[in-house]
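To keep things clear, I will list the structure first and then write my remarks on it.
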Amino acid sequence: MNEYRTHTCNEISLEDVGKEVRISGFVETIRDFGGLVFLDIRDMYGITQVVTSGDPQEVDFASHIPIESSVTVFGTVRKRDEETINPKLKTGLVEIAIKEIKVLGKRTQNLPFEINSDQEVREDLRLKYRFLDLRNNRLKDNLLLRAKVIQFLRNQMIEQGFLEVQTPILTSSSPEGARDYLVPSRLHAGKFYALPQAPQQFKQLLMVSGIDKYFQIAPCFRDEDARADRAPGEFYQLDMEMAYATQEDVFNAIEPVMYNTFKEFSNKKIAKYPFPRISYKEAMLKYGTDKPDLRNPLFIIDLSEFFKKCTFKPFIDRTVRAIKVKGHLSKGFHEKMLKFATSIGMAGLGYLEVQEDLSFKGPIDKFIPAELKQELLSLADLQKEDTIFFIADSEARATELAGQIRDELGIRLDLIDDNTFEFCWIVDFPMFELDEHGNLAFSHNPFSMPQGGLDALENKDPLEILAYQYDIVCNGIELSSGAVRNHDINVMLKAFTMAGYSEDEVRSKFGALYNAFQFGAPPHAGVAPGVDRMLMLLSGSDTIREVIAFPLNSKAQDLMMGAPSAVRRDQLRDVHIMVDIKD
């Protein structure tokens with residue numbers, strides 16, 4: 001017999017009445033009624049109430065056990081009195097009459113916070129004492145959900161014939177969009193490994209190796225600033241790649257995986273596949289973002305050409321975007337929207353209200369010539385009682401601002417259905433963009449195949465070339481990026497040359513792919529949904545840190561372990577490093 005427990009705390013039931021059992025766990029609460037003490041014992045699986053006998057020594061001992069100490073209890077299961085039944089607990093019909101209680105691990109320090117309290121606790125305190133924070137039922141449930149989701153994802157990929165392959169953690173540094181985490185080499189002075197930002201090159205090399213369908217639950221390491229949906233250090237993705245595959249083959253493989261996973265672990269309505277395909281260009285115009293939340297029914301229209309014919313100077317020669325909503329809004333609502341608009345850098349937020357006679361009322365009405373008002377009604381599909389908002393700026397800025405105004409209107413007007421998961425694909429990303437210096441750069445994944453292949457690279461305006469790149473978006477959160485890969489060495493070299501890389505640089509930075517693509521590489525494509533972001537959505541968490549066991553904080557620090565930390569001089573000497581910290 002296990003000396004610590006015969007049952008977990010959720011297993012005790014009416015069928016066990018009269019039996020002697022042993023449970024172990026943490027003391028969650030103690031209720032002292034003088035000659036009788038009730039304790040709730042909590043383990044990973046549930047809570048069981050135990051109660052002392054009338055022995056004064058036992059009562060005194062039990063009443064003085066510090067909360068959250070680890071104990072083991074031996075006793076007899078009995079049915080609770082009617083007035084003490086707790087319908088909220090699975091074990092609420094029974095209790096254990098204590099015959100023996102031992103403290104296995106006594107709490108000797110004051111608790112920094114209550115474990116299962118509804119009180120708000122500072123995140124830095126929670127992360128410093130994460131081992132206590134994880135005793136919280138909500139976080140424990142998140143970890144249980146994480147384990148089940150990962151197993152479910154793995155099983156679905158295996159059922160589709162994908163082979164699970166682990167790729168290296170120590171690799172070479174290469175420019176892949178974010179800062180690398182570097183690891184100095186002891187054996188090779190002055191040289192460094194890098195932790196992989198993603199298994200990108202390895203999974204492409206597996207395709208060249210003849211591994212037809214690959215996947216893994218892959219750790220990725222990027223030295224990035226934290227956001228609510230982005231961990232600053234390590235995150236995990238369902239990484240997959242397919243040989244002899246088109247974009248649609250990838251969609252057909254991953255859509256049922258996403259749908260089935262969200263359906264299995266959520267009671268919300270799940271948008272059925274095939275998911276909508278929205279071009280990057282359409283998404284930026286209609287939603288003001290390449291991560292649109294399709295639960296929001298509002299959309300953006302372009303009225304730039306219309307306002308060139310009007311007399312409102314702030315809109316002339318500017319990109320003008322507009323958003324129509326149903327109904328007239330209160331003065332207070334407009335004041336709050338104006339305050340929001342100025343908080344994101346707008347000079348103001350123009351609007352018009354459509355009256356019963358289809359005339360306009362609002363700050364910019366007088367700047368629209370009478371003969372053009374019918375045209376505006378038609379262009380914006382305006383009906384009586386509608387309100388239309390206007391955003392004007394440079395094209396890039398107007399796009400961004402209109403997207404933020406759309407999001408805010410959706411929230412303030414309560415238009416977003418929180419009981420739905422809406423998926424879509426964003427497709428046809430530009431292959432190139434101009435960087436801050438005006439130079440041509442890759443806009444997405446440098447390993448993507450341009451639409452039109454080598455002919456497009458040689459003959460089209462680079463900024464007009466589209467790539468076979470795609471993202472899965474759910475409820476306004478980007479879950480993954482993917483692409484049909486560039487497997488042709490000539491296309492690869494041409495694309496990198498256009499982005500400012502010489503052949504020697506390509507050979508140096510991407511040597512394995514450079515070599516592999518000269519040995520009969522098959523066409524291949526893949527995608528990598530983020531596991532942590534999926535879990536954030538499924539658990540209803542506000543930040544990604546709530547679904548990671550031991551996350552870094554927003555400043556990329558592990559407050560519990562004290563990382564990053566200084567190391568001994570001899571450790572630095574072993575890896576040929578001298579630290580020179582300057583103010």
Side-chain angles (χ1 to χ4, degrees), residues 134 139-171 176-178 181 194-207 209 211-222 224 229-243 245 250-251 253-266 421 423 445 470-472 474 477-483 485 524-539 541 543-552:
L134 289 173
L139 286 181
K140 176 202 68 180
D141 289 344
N142 284 351
L143 290 189
L144 289 170
L145 174 65
R146 185 184 184 97
K148 292 175 182 177
V149 166
I150 288 175
Q151 182 180 12
F152 191 80
L153 291 170
R154 179 174 278 115
N155 289 341
Q156 286 189 94
M157 299 305 290
I158 291 170
E159 287 172 7
Q160 288 196 53
F162 285 81
L163 178 68
E164 186 170 10
V165 182
Q166 288 73 44
T167 54
I169 297 301
L170 292 177
T171 184
E176 294 186 25
Y181 281 102
L195 305 183
Q197 295 184 28
Q200 181 64 54
Q201 295 186 64
F202 288 109
K203 68 180 183 179
Q204 291 192 248
L205 291 167
L206 285 171
M207 298 298 102
S209 304
I211 304 301
D212 198 62
K213 298 168 77 174
Y214 140 91
F215 90 98
Q216 69 171 316
I217 308 297
C220 304
F221 306 89
R222 297 178 189 176
E224 297 180 304
D229 65 348
R230 184 167 71 191
E234 175 183 354
F235 63 93
Y236 285 78
Q237 60 190 33
L238 171 60
D239 203 49
M240 62 88 81
E241 197 80 8
M242 305 168 66
V250 173
F251 290 2
I254 207 67
E255 283 181 338
V257 174
M258 302 299 291
Y259 175 82
N260 292 337
T261 302
F262 276 75
K263 187 174 180 61
E264 176 73 15
F265 296 101
S266 173
F421 286 119
F423 290 88
N445 186 320
Y470 37 83
D471 287 353
I472 300 177
C474 179
I477 292 178
E478 178 194 321
L479 288 186
S480 70
S481 292
R485 315 302 180 186
H524 52 280
V527 72
V531 172
D532 308 283
R533 289 183 179 178
M534 292 169 62
L535 286 160
M536 188 178 76
L537 287 170
L538 286 168
S539 65
S541 299
T543 77
I544 204 168
R545 294 184 288 278
E546 295 298 287
V547 296
I548 299 172
F550 299 105
L552 301 182

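Everything numeric in this text was worked out from a predicted model, so none of it was measured.
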Discussion item. What I'd like to find out is whether the side chain of Ile169 reaches to under 4.5 Å of the side chain of Pro219, using heavy atoms alone.
Written reply: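 In short, these two side chains touch, coming nearer than 4.5 Å.
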
For a quick test of reading the model, state the closest non-hydrogen atom pair linking [X] to [Y] and the distance between them.
X: Ala218; Y: Pro199; value: CB-CG, 3.6 Å
X: Gln197; Y: Ala178; value: NE2-O, 2.7 Å
X: Ile254; Y: Pro529; value: CG1-CG, 4.0 Å
X: Leu153; Y: Met534; value: CD2-CE, 3.9 Å
X: Ser480; Y: Ala528; value: CB-O, 3.1 Å

Reported [atom1]-to-[atom2] distance for the pair [X] and [Y], which is rounded to 0.5 angstrom:
X: Met157; Y: Leu238; atom1: CE; atom2: CG; value: 5.0 Å
X: Phe235; Y: Arg222; atom1: CZ; atom2: CZ; value: 3.5 Å
X: Met242; Y: Met207; atom1: CE; atom2: CE; value: 9.0 Å
X: Gln166; Y: Ile217; atom1: CD; atom2: CD1; value: 10.5 Å
X: Gln216; Y: Phe162; atom1: CD; atom2: CZ; value: 13.5 Å
X: Ile211; Y: Leu205; atom1: CD1; atom2: CG; value: 11.5 Å

List in chain and number order the residues that pass side-chain hydrogen bond (donor to acceptor under 3.5 Å, both in side chains) with [X], two or more places apart in sequence or in another chain; answer none if no residue qualifies.
X: Arg533; answer: none
X: Asp471; answer: His444, Ser481
X: Asn260; answer: Gln156
X: Gln201; answer: Ser174, Glu176

Please name all residues satisfying side chain to side chain contact (heavy atoms under 4.5 Å, CB included) with [X], sequence neighbours left out, ordered by chain then number.
X: Lys263; answer: Tyr259, Ile270
X: Ser539; answer: Asn142, Leu145, Ser541, Val547
X: Ala549; answer: Leu143
X: Phe202; answer: Thr167, Pro168, Thr171

Set of residues satisfying salt bridge (charged side-chain N to carboxylate O under 4.0 Å, His left out) with respect to [X], sequence neighbours excluded:
X: Glu478; result: none
X: Glu164; result: Arg154
X: Arg545; result: Glu123

Item to complete: Evaluate the criterion side chain to side chain contact (heavy atoms under 4.5 Å, CB included) for residue pair Glu546 and Met536; output intermediate values, then yes/no.
Response: CA-CA 7 Å; Glu546 295 298 287; Met536 188 178 76; over 6 Å; no

Discussion item. Keeping Gln204 on the side-chain end and Arg485 on the backbone end, is there a donor-acceptor pair under 3.5 Å?
Written reply: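 No: the side chain of Gln204 does not pair with the backbone of Arg485.
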
Item to complete: Determine, stepwise, if the pair Ile158 / Phe215 fulfils side chain to side chain contact (heavy atoms under 4.5 Å, CB included).
Response: CA-CA 9 Å; Ile158 291 170; Phe215 90 98; 3.9 Å; yes

Discussion item. Could you go through Leu537 and Leu479, starting from their C-alpha distance and side-chain angles, then the distance that decides it, and tell me whether this counts as side chain to side chain contact (heavy atoms under 4.5 Å, CB included)?
Written reply: CA-CA 10 Å; Leu537 287 170; Leu479 288 186; 3.9 Å; yes

Fill in: Residue pair Leu535, Phe265: steps toward the side chain to side chain contact (heavy atoms under 4.5 Å, CB included) verdict
CA-CA 10 Å; Leu535 286 160; Phe265 296 101; over 6 Å; no

Worksheet item: Pairs in or reaching into residues 229-239: which pass side-chain hydrogen bond (donor to acceptor under 3.5 Å, both in side chains), with residues at least two apart or in two chains?
Response: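 Non-adjacent pairs meeting side-chain hydrogen bond (donor to acceptor under 3.5 Å, both in side chains): Lys203-Asp239, Tyr214-Asp239, Arg227-Asp229, Glu234-Tyr236, Gln237-Asp239.
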
Discussion item. Just checking Phe262 against Phe421, ring centres under 6.0 Å apart?
Written reply: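 Yes, the ring of Phe262 comes within the 6.0 Å limit of the ring of Phe421, centre to centre.
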
